[in-house]
Amino acid sequence: MTLPKRVTIFEMGARDGLQNEKALIATDDKVRYIDLLSESGLQWIEATSFVSPKAIPQLADAAEVFARIRKAPGVRYPVLVPNLRGYTRAREAGADAIAVFTAASENFTKRNINMTIDESLETFRDVVRAAQRDKVWVRGYVSTAFGSPFGDAVSAQMVVDVCVKLMELGCDELSIGDTIGVGVPSQVATLVPLLARVIPLDRIALHFHDTRGTALANVYAGLEHGVAKFDSSSGGLGGCPYAPGATGNVGTEDVLYMLHQMGIETGVDLAKVRAASRFIAGVIDHTLTSKAYQAMEAASPV
Ligand code: HMG
Ligand code: MG
């Protein structure tokens with residue numbers, strides 16, 4: 001077993017994190033949070049989403065946030081878009097990297113974006129075509145890949161089928177999501193080799209939510225099977241309002257702590273991610289769940 005020597009972290013706090021906060025966060029605070037994350041060495045920071053403001057009021061200020069964040073050299077700031085309308089808004093705001101999103105569960109897709117999986121793929125066909133024309137980088141999310149919140153069964157083969165269709169549309173990268181944090185390492189060990197048969201693993205990221213405490217174990221299972229890109233959220237923020245029971249993404253601090261202690265490089269400064277988390281902790285109305293963040297705070301509170 002050879003683990004990757006270097007891993008890329010795709011930071012989710014500003015989008016997956018802030019979309020799920022009950023209180024509305026001020027635009028100034030979102031900008032400050034992203035600017036702090038930009039100082040940490042992270043190369044991928046999902047900044048916001050250009051979805052319907054009725055669906056996600058928390059990110060209704062996407063254009064202003066995107067315009068005002070400091071774009072650090074070498075850092076990409078993808079934004080989530082559900083349709084051509086979102087794509088146009090994202091481009092007008094200056095985005096050069098986007099993410100489209102569907103799922104392996106029909107029930108979840110319907111609740112989340114009011115489309116069937118096939119309809120979502122048809123919608124994204126036009127979005128990805130426009131992105132390719134504009135030389136915009138595209139990520140495709142496949143949510144509920146390890147289980148649906150609505151009781152419909154999801155198999156590894158269903159996930160692979162959606163992934164193949166997204167790659168055929170022309171996505172540059174896929175992120176496979178455990179939206180509700182039900183996945184376990186044996187599922188990762190089944191799914192990743194199936195995916196690797198049809199899609200190069202350097203185009204696959206894994207996206208774990210830590211609802212049942214299995215996210216870091218799932219990251220390790222991903223590493224064992226050759227995945228070297230993981231989504232995580234500073235402080236462990238995150239969740240999807242359309243997935244009942246979904247809580248935060250695996251904490252960026254937790255992933256960084258584990259990887260660095262194992263001698264795996266990320267190029268990300270853990271202390272600087274913690275500084276960004278500490279800032280946002282002062283803005284939101286609950287404590288952050290990342291264990292590594294909590295341990296650092298307990299060891300050296302300010
Ligand atoms: P709909 O109601 O079926 O579509 O929503 P519609 O076309 O009828 O539009 C409804 C209204 O929204 C209209 O306005 C549109 O103009 C407007 P009205 O006429 O009522 O005033 N609209 C838009 N406005 C701004 N930007 C747009 C846009 N599109 C339509 N892009 C739709 C369908 C997809 C729009 C809606 O369901 C939606 O925006 N859903 C987004 C849900 C979402 O963001 N969920 C969280 C992200 S997914 C996630 O977190 C999982 C992930 O992290 C991975 C994982 O964990 O697995 C990625
Ligand atoms: Mg998510």
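Just the heavy atoms: all of them, side chains too, but no hydrogens, waters or symmetry mates, feed the values below. In what follows, residues are counted from 1 in the order of the sequence shown. Both counts, for ligands and for their atoms, begin at 1 and track the order of listing. What you are looking at is a predicted structure, and each value in this text was computed from that prediction instead of being measured.
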Kindly assign one of parallel, tilted or perpendicular to the pair Phe108 and Phe150, based on the angle between their ring planes and the thresholds 30° and 60°. parallel
Looking at His207, the N, O or S atom sitting nearest the Mg ion (ligand 2) is NE2
Exactly one of Arg139, Arg203, Arg76 clears salt bridge (Lys or Arg N to Asp or Glu O under 4.0 Å) with Glu173, and that residue is Arg139
Do Val65 and Leu24 share a hydrophobic cluster (ILVMFWY, side-chain heavy atoms under 4.5 Å, transitive)? no
Between ligand 1 and the protein, find all N/O pairs closer than 3.5 Å and give the distance for each.
{"unit_1": "ligand 1", "atom_1": "3 (O)", "unit_2": "Asn114", "atom_2": "ND2", "d": "2.6"}
{"unit_1": "ligand 1", "atom_1": "12 (O)", "unit_2": "Ser52", "atom_2": "OG", "d": "3.3"}
{"unit_1": "ligand 1", "atom_1": "16 (O)", "unit_2": "Arg85", "atom_2": "NH1", "d": "2.8"}
{"unit_1": "ligand 1", "atom_1": "20 (O)", "unit_2": "Lys54", "atom_2": "NZ", "d": "2.6"}
{"unit_1": "ligand 1", "atom_1": "21 (O)", "unit_2": "Lys54", "atom_2": "NZ", "d": "2.9"}
{"unit_1": "ligand 1", "atom_1": "24 (N)", "unit_2": "Arg85", "atom_2": "NH1", "d": "3.3"}
{"unit_1": "ligand 1", "atom_1": "26 (N)", "unit_2": "Val51", "atom_2": "O", "d": "3.3"}
{"unit_1": "ligand 1", "atom_1": "26 (N)", "unit_2": "Arg89", "atom_2": "NH1", "d": "2.8"}
{"unit_1": "ligand 1", "atom_1": "29 (N)", "unit_2": "Asn83", "atom_2": "ND2", "d": "2.9"}
{"unit_1": "ligand 1", "atom_1": "31 (N)", "unit_2": "Phe50", "atom_2": "O", "d": "3.0"}
{"unit_1": "ligand 1", "atom_1": "31 (N)", "unit_2": "Asn83", "atom_2": "OD1", "d": "2.9"}
{"unit_1": "ligand 1", "atom_1": "31 (N)", "unit_2": "Gly86", "atom_2": "N", "d": "3.2"}
{"unit_1": "ligand 1", "atom_1": "37 (O)", "unit_2": "Asn112", "atom_2": "O", "d": "3.4"}
{"unit_1": "ligand 1", "atom_1": "39 (O)", "unit_2": "Ser52", "atom_2": "N", "d": "2.9"}
{"unit_1": "ligand 1", "atom_1": "40 (N)", "unit_2": "Asn112", "atom_2": "O", "d": "3.1"}
{"unit_1": "ligand 1", "atom_1": "45 (N)", "unit_2": "Asn112", "atom_2": "OD1", "d": "2.8"}
{"unit_1": "ligand 1", "atom_1": "50 (O)", "unit_2": "Arg15", "atom_2": "NH1", "d": "3.0"}
{"unit_1": "ligand 1", "atom_1": "50 (O)", "unit_2": "Gln19", "atom_2": "NE2", "d": "2.8"}
{"unit_1": "ligand 1", "atom_1": "53 (O)", "unit_2": "Arg15", "atom_2": "NH1", "d": "3.4"}
{"unit_1": "ligand 1", "atom_1": "53 (O)", "unit_2": "Arg15", "atom_2": "NH2", "d": "2.9"}
{"unit_1": "ligand 1", "atom_1": "53 (O)", "unit_2": "Asp16", "atom_2": "OD2", "d": "2.9"}
{"unit_1": "ligand 1", "atom_1": "53 (O)", "unit_2": "His207", "atom_2": "NE2", "d": "3.4"}
{"unit_1": "ligand 1", "atom_1": "56 (O)", "unit_2": "His207", "atom_2": "NE2", "d": "2.9"}
{"unit_1": "ligand 1", "atom_1": "56 (O)", "unit_2": "His209", "atom_2": "NE2", "d": "3.1"}
{"unit_1": "ligand 1", "atom_1": "57 (O)", "unit_2": "Ser143", "atom_2": "OG", "d": "2.7"}
{"unit_1": "ligand 1", "atom_1": "57 (O)", "unit_2": "Thr179", "atom_2": "OG1", "d": "2.6"}

Short side-chain donor-acceptor distance under 3.5 Å, Ser277 and Ser234: yes
N/O/S atom of Asp16 under 2.8 Å from the Mg ion (ligand 2), yes or no? yes
For Phe146 together with Phe208, are the ring centres under 6.0 Å from each other? yes
Do you see an N/O/S atom of Cys240, backbone or side chain, under 2.8 Å from the Mg ion (ligand 2)? no
Counterpart residues, ring-ring contact (aromatic ring centres under 6.0 Å, His included), relative to Tyr141 (two or more places apart): His207
Salt bridge present between Glu168 and Lys165 (N-O < 4.0 angstrom): no
